[in-house]
Amino acid sequence: MKPAVLVTGGTGYIGSHTAVELINSGFDVISADNLHNSEAWINERIGMITGKTPILEIADICDTARVDDLFRKYPAIKAVIHFAAYKAVGESVEKPLEYYRNNILSTINLLEMMKKYGTAHIVFSSSCTVYGQPDVLPVTEESPLKQAASPYGNTKKICEDIIKDSASAYSDINAVSLRYFNPIGAHSSGLIGELPRGVPENLVPFITQTAIGLRDELKVFGNDYDTPDGTCIRDYLHVSDLAIAHVKAVERLLNGRNKASYEVFNLGAGKGVSVMEAIKSFERVSGVKLKYRITGRRHGDIEKIWADPSLANRELGWKTIYTLDDAMKSAWQWEIKLREMR
Ligand code: NAD
Ligand code: WQD
């Protein structure tokens, strides 16, 4: 029997792209999502892309009994990828308890049920947000972690600690935390992509929604930073590249190639890109002149950050394939398809 992977948050943005890559690599996928920030039809789209629709369980991972049921029902589950979380940084400042409850309780529930049912392996969605504004760039896994700038960021730090402590205490649990930099873009089929609810907080969906006419203009949050063009710098990577890293991490755990019971990898392209460069890339690949205006800085923004992904390159045998232009083009194709559906 093929190993099955429980993908929490499997109809979400990164989870859906990862489900595609898992199925393409021969895994069975059991997807569990409460549809808080996604739509069930995404699961059908995964089936259209891969020829195999994942099992979708509408389940809240904070519901301990429900998670227990999932593990009991699917003994083929050999690994968990835990994407399910709330992720809006601004909202987390207004609703910290909801974020702490959802993101932390879901993680504890999974670890407890993994112990109970003897499922040894978990891959966790962490974030470069745990580094805050680094003193030295690029960021390696050894770079110091800073006090989180938001409750959301703090949940990532706390969950990493909970997973690390569990992997250290329980010899039958092995874990990998993947610290994502800035995932963007959509699957090359144009069938799945990011589905922001309401006004997007993130740059690329805001760019594509502005270009399609849903938003009046993009506000560029500050051009007085200490960067070559004054705008903030991030490390953008294509979501399909990011998805493949999850397959590699699961395979590493299942094949016992991990070097410690808890490992951490940075996942980025390793290249800093400014907001203005991102806009130019979008304009280049879409042929659309974007309406934007420089405004004041956004509170809490990091000035510049990009990854040193060499550990993941070496240990996971993974590196990004897609360029910034590829990612922007796919994001734009996805936005156009969404308009056709609206
Ligand atoms: P997303 O919101 O698209 O996907 C998360 C999914 O989890 C959604 O489908 C949502 O319905 C589901 N979910 C949330 N709480 C749940 C619960 N209690 N039970 C069941 N399902 C639940 O977000 P995404 O961008 O795909 O992010 C996936 C993970 O990666 C998150 O943990 C996020 O914090 C992390 N991450 C994302 C980014 C990014 O820029 N997108 C960067 C770094 C880390
Ligand atoms: C990118 C750049 C903005 C919107 C967030 C989370 C972080 C992590 C990744 C999950 C910044 C600028 C944006 C706009 C703009 N997620 N911008 N106008 O800030 O790197 O981080 O996503 O873990 O935790 O905080 O991503 O896409 O919001 O912004 O000028 O309307 O675009 O200032 O420089 P960010 P982002």
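A quick note: this is a predicted structure, and the numbers were derived from the prediction, not measured. We count residues from 1, following the sequence as given. Read the numbers this way: they start at 1 and go in the same order the structure lists the ligands and their atoms.
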**Q** What part of Ser106, side chain from CB on, backbone N/CA/C/O, both or neither, has a heavy atom under 4.0 Å from ligand 1?
**A**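 The answer is neither.
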**Q** Show the atoms of ligand 1 that are less than 4.0 angstrom away from any heavy atom in Asp60.
**A**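 Taking each heavy atom of Asp60 in turn, ligand 1 has 17 (C), 18 (N), 19 (N) under 4.0 Å.
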**Q** Tell me which pairs pass ring pair (Phe, Tyr, Trp, His ring centres under 6.0 Å) where either residue lies in residues 31-68, with sequence neighbours left out.
**A**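 Ring pair (Phe, Tyr, Trp, His ring centres under 6.0 Å) check on residues 31-68 returns His36-Tyr86.
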**Q** Connecting only ILVMFWY residues whose side-chain heavy atoms lie within less than 4.5 Å of each other, what is the rest of Leu105's hydrophobic cluster?
**A**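 Listed partners: none, Leu105 stands alone.
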**Q** Run through the side-chain heavy atoms of Ile, Leu, Val, Met, Phe, Trp and Tyr, join any pair under 4.5 Å, and report what else lands in Tyr322's cluster.
**A**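 Tyr322 clusters with nothing; isolated.
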**Q** Could you see which bit of Ile61 sits under 4.0 Å from ligand 1, with heavy atoms only: side chain, backbone, both or neither?
**A**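 Both backbone and side chain.
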**Q** Can you say whether the rings of Tyr99 and Tyr152 are parallel (under 30°), tilted (30 to 60°) or perpendicular (over 60°)?
**A**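 Because their plane-to-plane angle is over 60°, the rings of Tyr99 and Tyr152 count as perpendicular.
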**Q** Between Lys156 and ligand 1, which part of the residue brings a heavy atom under 4.0 Å of the ligand: side chain, backbone, both or neither?
**A**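 Side chain only; the backbone of Lys156 stays clear of ligand 1.
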**Q** Looking only at protein heavy atoms, which one is nearest to atom 24 (P) of ligand 1, and how far off is it?
**A**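 Residue, atom and distance for the closest contact: Lys87 NZ, 3.7 Å.
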**Q** For ligand 2, list all ligand N or O to protein N or O distances below 3.5 Å, rounded to 0.1 Å.
**A**
residue, atom, partner, partner atom, Å
ligand 2, 18 (N), Lys219, O, 2.7
ligand 2, 19 (O), Arg234, NH2, 3.4
ligand 2, 19 (O), Arg298, NH2, 2.9
ligand 2, 20 (O), Asn182, ND2, 2.9
ligand 2, 20 (O), Arg234, NE, 2.5
ligand 2, 22 (O), Asn202, ND2, 3.4
ligand 2, 23 (O), Ser127, OG, 2.7
ligand 2, 23 (O), Tyr152, OH, 2.6
ligand 2, 26 (O), Asn182, ND2, 3.2
ligand 2, 27 (O), Asn202, ND2, 3.2
ligand 2, 27 (O), Leu203, N, 2.8
ligand 2, 28 (O), Glu201, O, 3.4
ligand 2, 28 (O), Asn202, ND2, 3.2
ligand 2, 28 (O), Arg298, NH1, 3.3
ligand 2, 28 (O), Arg298, NH2, 2.9
ligand 2, 29 (O), Arg298, NH2, 3.4
ligand 2, 30 (O), Lys219, O, 3.3
ligand 2, 30 (O), Phe221, N, 2.9
ligand 2, 33 (O), Asp301, OD2, 2.5

**Q** Report the member of Ile14, Thr11, Ile81 with the shortest heavy-atom distance to atom 26 (O) of ligand 1.
**A**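 When every heavy atom of Ile14, Thr11, Ile81 is considered, Ile14 comes closest to atom 26 (O) of ligand 1.
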**Q** Looking only at atom types and distance, does a side-chain atom of Arg197 sit under 3.5 Å from a main-chain N or O of Ser38, one as donor and one as acceptor?
**A**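 Between the backbone of Ser38 and the side chain of Arg197 there is a qualifying donor-acceptor contact (under 3.5 Å).
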